[in-house]
Amino acid sequence: MSIRVRFAPSPTGNVHIGNIRAAIFNWLFARHLGGAFLLRVEDTDRERSTPEAIRTLLDVMAWLGLTYDEAPVYQSAQRARHLAAAEELVRQGHAFRENKEGKGECIVFRMPKEGKVEYHDLVKGPIRKKAEDTQDFVIVRSDGNPVFHLANVLDDIDMRITHIIRGDDHVENTFKHIQIFRAMGVEPPQYAHLPMIVNAMGKPYSKRDGAAFVGEFRDQGFLPEALFNFLALLGWAPGEDREMLTRDEMVAAFTLDRCKSSAARFDIKKLTWMNGEYIRHLPLALFAAEFETRVRAGGWWRDELPVAERVGIMALVQPRTKFFAEIPGNCAYFFHEEYPFDAKSLEKRLHGPGVPELLEAVVAHFATLPVFDHAATEAALRAMGDERGVGLGGMVHPVRVAVSGLSDGPGLFELLVLLGRERVANRLLRVATRLRAGSL
RNA sequence: GCGCCUAUCGUCUAUCGGUUAGGACAUAGGGUUUUCAUCCCUAGAAGCGGGGUUCGACUCCCCGUAGGCGCGCCA
């Protein structure tokens, strides 16, 4: 029998990393075994399941490359089938009508009263409980709508799902679901319950945690490959101490028996590191597209900048970018002469005595260089530093802040060469003037 | 309260009875460097407690403890 798994989220407008992690594991499982990965949109909650919410869900899946093999199933469209099945369950004595709490007639599913219910979880192993610890439960509300348990199981039957991989907040539901499968005369699928992802405090995510939605990571400039890789490693490990994995490698290595069953904490620092690794290895064209988007959004972009210079800028920026949201804030000086100055750097490197004279001396010295390249600029500043007894650092720091407004960034000499002798001279002179005038 | 599940460095994890308990992130120190990032080296850092089983337990069992989940006419 061919493997068929599904991701069955209810669209709420935001896709939580815990949910998408379940989707990733399902996808990996299906791809590893050559099975089918399906999407079922559990949109029975009409208030939250708006078209925009569904759009967001589909966007996020596409962004992460979670491709599905058949058209998505919309649960709301199956309502009639769910109700008909409930009637059949009543007819066969697996369920009964009841008027609970005076709300009108609902349909209740009968759970076994003796013996035990058990199943073998592919991640957690055998799970069992005594039948007396289970309770009958409503499958059709008195307003005539099917309840989650019923709809979920019937859809899984219709979609011929063979393995259900989901968060372990569902382990208890599984006892109910298995009974519905049996009552429907269908052999229950295999179950695998994944550990939950918890926040930095080790607590379950709540609304106040923020930053737990996939969309927020995308906005911050995390790459889908990095988020996918990182999330795959929460509760699963391929062994052999491997962590940076391509999608193909993950597919090849993924098995449920290598999944852990204890909760995993979401460590944004490690994700950030991993994202930096992915960004460093990004082909220039891809980096360039994201770079331009971010710089435009920051309002610094200039179309007239020569392509060669853009490429030069990116070559300096790409290696030290951890996530794209950092970008407009640390690149202004590449594009504009009106770049902002970091207050601390200004205070520390430019507000000392003699700085204007120093900067002017640098300009004078630079003007004498036969060529304005890395070696020449470095030699020039080194010589001046020695001459003044301040060392190379004593020259580099003020020049860096004067020319960029910041105290960290690319290597200074690469930066100077990129900006060119003219622009460097203009900036240094202008800063010297403003310092004297006290306007900086 | 009842039921189910879980428990290795600060974090993510490896280990499927015998290891100096390994790796990564983070942290600290060092090397390279003008800063940041990168790169290289080094260091510290773990089996929740108690009983068993066994020649031998992180690993298997039991009891505690702690945490999570469930106990809706939510999904």
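Remember, it's a predicted structure, so these values are computed and weren't measured experimentally. Side chains are part of it too, since the values below use all heavy atoms of this structure and drop only hydrogens, waters and symmetry mates. Naming: A, B, ... by sequence-line order, numbering from 1 per chain.
If A:L392 and A:R242 are placed on RNA chain B by their nearest nucleotide, the residue sitting closer to the 5' end is A:R242. Along RNA chain B, the nucleotide closest to A:G104 and the one closest to A:E378 are compared, and the more 5′ of them pairs with A:E378.
With distances taken from any side-chain atom of A:A264 to the nucleotides B:C5, B:U38, B:C12, the minimum falls on B:C12. Nearest nucleotide to the A:R382 side chain, out of B:U13, B:U34, B:A75: B:U34. For A:Q75, whose side chain is taken as the heavy atoms from C-beta onward, the closest listed nucleotide among B:U35, B:G3, B:A75 is B:A75. In the set B:C73, B:G22, B:A24, the nucleotide with an atom closest to the side chain of A:E243 is B:A24. You'll find that the side chain of A:W273 is closest to B:A26, out of B:C5, B:A26, B:A75. Among B:C39, B:U13, B:U11, the nucleotide with an atom closest to any side-chain atom of A:R265 is B:U11. Closest to the A:V396 side chain, of the nucleotides B:U34, B:A75, B:G10, is B:U34. Checking B:C4, B:G23, B:A75 against every side-chain atom of A:I127, the shortest atom distance belongs to B:C4. Distance from the side chain of A:K260 is smallest for B:U8 among the nucleotides B:U34, B:U8, B:A75. Closest approach to the A:K124 side chain among B:C5, B:C69, B:G3 is made by B:C5 (side chain taken as heavy atoms from C-beta onward).
In this pair, A:H193 and A:Y191 present their aromatic rings parallel. The plane angle is below 30°, not in the 30 to 60° band. Under the 30°/60° scheme for interplanar angles, the aromatic rings of A:F109 and A:F137 are found to be tilted.
Backbone-only engagement by A:R258 is indicated by non-hydrogen atom pairs under 4.0 Å involving sugar-phosphate atoms exclusively. Among the heavy atoms of the strands, none lies under 4.0 Å from A:G239. At a threshold of 4.0 angstrom between heavy atoms, the contacts of A:H193 with the nucleic acid are absent. Nucleic acid contact class of A:K103 (heavy atoms, under 4.0 Å, all strands): base. Residue-level contact check: A:K322 touches the backbone only, with heavy atoms under 4.0 Å from sugar-phosphate atoms and none from bases. A:S142 comes within 4.0 angstrom of a nucleotide base, judged by non-hydrogen atoms across all strands. Contact annotation for A:G411: base contact, defined as any heavy-atom pair under 4.0 Å involving a base atom. Among the protein residues, A:R349 comes within range of no part of the nucleic acid, since none of its heavy atoms lies under 4.0 Å from any strand. Residue A:F413 is in base contact, counting any heavy-atom pair closer than 4.0 Å across all strands shown. Within the 4.0 angstrom heavy-atom criterion, no nucleotide atom of any strand lies near A:P9. Looking at heavy-atom distances under 4.0 Å, A:N173 makes contact with a base.
With a cut-off of 3.5 Å on both pairing distances, the Watson-Crick or G-U wobble partner of B:U65 is B:A7. Within the shown strands, B:C55 is the pairing partner of B:G18 under the Watson-Crick or G-U definition, both distances less than 3.5 Å. With a cut-off of 3.5 Å on both pairing distances, the Watson-Crick or G-U wobble partner of B:A43 is B:U27. If you check B:U35 for Watson-Crick or wobble pairing at under 3.5 angstrom, you find it has no partner at all. In this structure, B:G70 forms a base pair with B:C2, meeting either the Watson-Crick or the G-U wobble geometry with both donor-acceptor distances under 3.5 Å.
The P atoms of B:G44 and B:A24 are separated by 15 Å, rounded to the nearest whole Å. As rounded to the nearest Å, B:U15 and B:U59 have C1' atoms that lie 8 Å from one another. Nucleotides B:C69 and B:G30 place their C1' atoms 47 Å apart, quoted to the nearest Å. Atom name C1', nucleotides B:C4 and B:U13: the rounded distance is 25 Å, in whole Å. Distance check on atom P: B:A21 versus B:U27 gives 27 Å, rounded to whole Å. Across B:C58 and B:C48, the matching C1' atoms stand 12 Å from one another, rounded to whole Å. Nucleotides B:C16 and B:A37 are separated by 38 Å at their P atoms, to the nearest Å. Nucleotides B:U6 and B:C25 place their P atoms 30 Å apart, quoted to the nearest Å.
A donor and an acceptor atom never sit less than 3.5 Å apart when one is taken from the side chain of A:K270 and the other from the base of B:A26. The base of B:G23 is not paired with the side chain of A:E240 by any donor and acceptor separated by under 3.5 Å. One can find a donor-acceptor pair under 3.5 Å joining the base of B:C36 and the side-chain atoms of A:R320. With hydrogens and angles ignored, a donor-acceptor pair under 3.5 angstrom links the side chain of A:R400 to the base of B:U34. No N or O donor and acceptor, one from the side chain of A:D169 and one from the base of B:G70, sit under 3.5 Å apart. One cannot find a donor-acceptor pair under 3.5 Å joining the base of B:C5 and the side-chain atoms of A:S261.
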Exercise. For ring pair (Phe, Tyr, Trp, His ring centres under 6.0 Å), just list the numbers for A:F254 and A:W236, CA-CA rounded to whole Å, side-chain angles, deciding distance to a tenth of an Å, and then say yes or no.
Key: CA-CA 8 Å; A:F254 189 84; A:W236 173 75; 5.4 Å; yes
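The separation between A:F323 atom CZ and B:A37 atom P is 13 Å, rounded to whole Å. Look at CD1 on A:I107: it is 15 Å from P on B:C73, rounded to the nearest Å. Distance A:D136 CG to B:C73 P: 12 Å, rounded to the nearest Å. Look at CG on A:L271: it is 14 Å from P on B:U13, rounded to the nearest Å. Whole-Å rounding puts the A:H82 NE2 to B:A75 P distance at 12 Å. The nearest whole Å value for the distance from the CG atom in A:L234 to the P atom in B:A24 is 18 Å. Distance, A:Q135 CD to B:G70 P: 15 Å, rounded to whole Å. Whole-Å rounding puts the A:L381 CG to B:U33 P distance at 16 Å.
With respect to the salt-bridge test (charged N to carboxylate O, under 4.0 angstrom), the residues A:R427 and A:E337 qualify. A salt bridge does not link A:E132 to A:K130: none of the charged side-chain nitrogens sits closer than 4.0 Å to a carboxylate oxygen. A salt bridge is absent between A:E347 and A:K344; no separation between the charged side-chain nitrogens and carboxylate oxygens falls under 4.0 Å.
OP1 or OP2 of B:G68 lies within a sub-4.0 Å distance of a side-chain N or O belonging to A:K203.
Considering only heavy atoms from C-beta on, A:F266 comes within 4.5 Å of A:F230 through its side chain.
For the side-chain hydrogen bond (donor to acceptor under 3.5 Å, both in side chains) with A:D155, the qualifying choice from A:R6, A:Q78, A:Q75, A:R81 is A:Q75, the only one to do so.
When every heavy atom of A:H32 is checked against every heavy atom of A:A252, the shortest pair comes out as CE1-O, 3.0 Å. When all heavy atoms of A:V117 and A:A131 are compared, the pair lying nearest together is CG2-CA, 4.2 Å.
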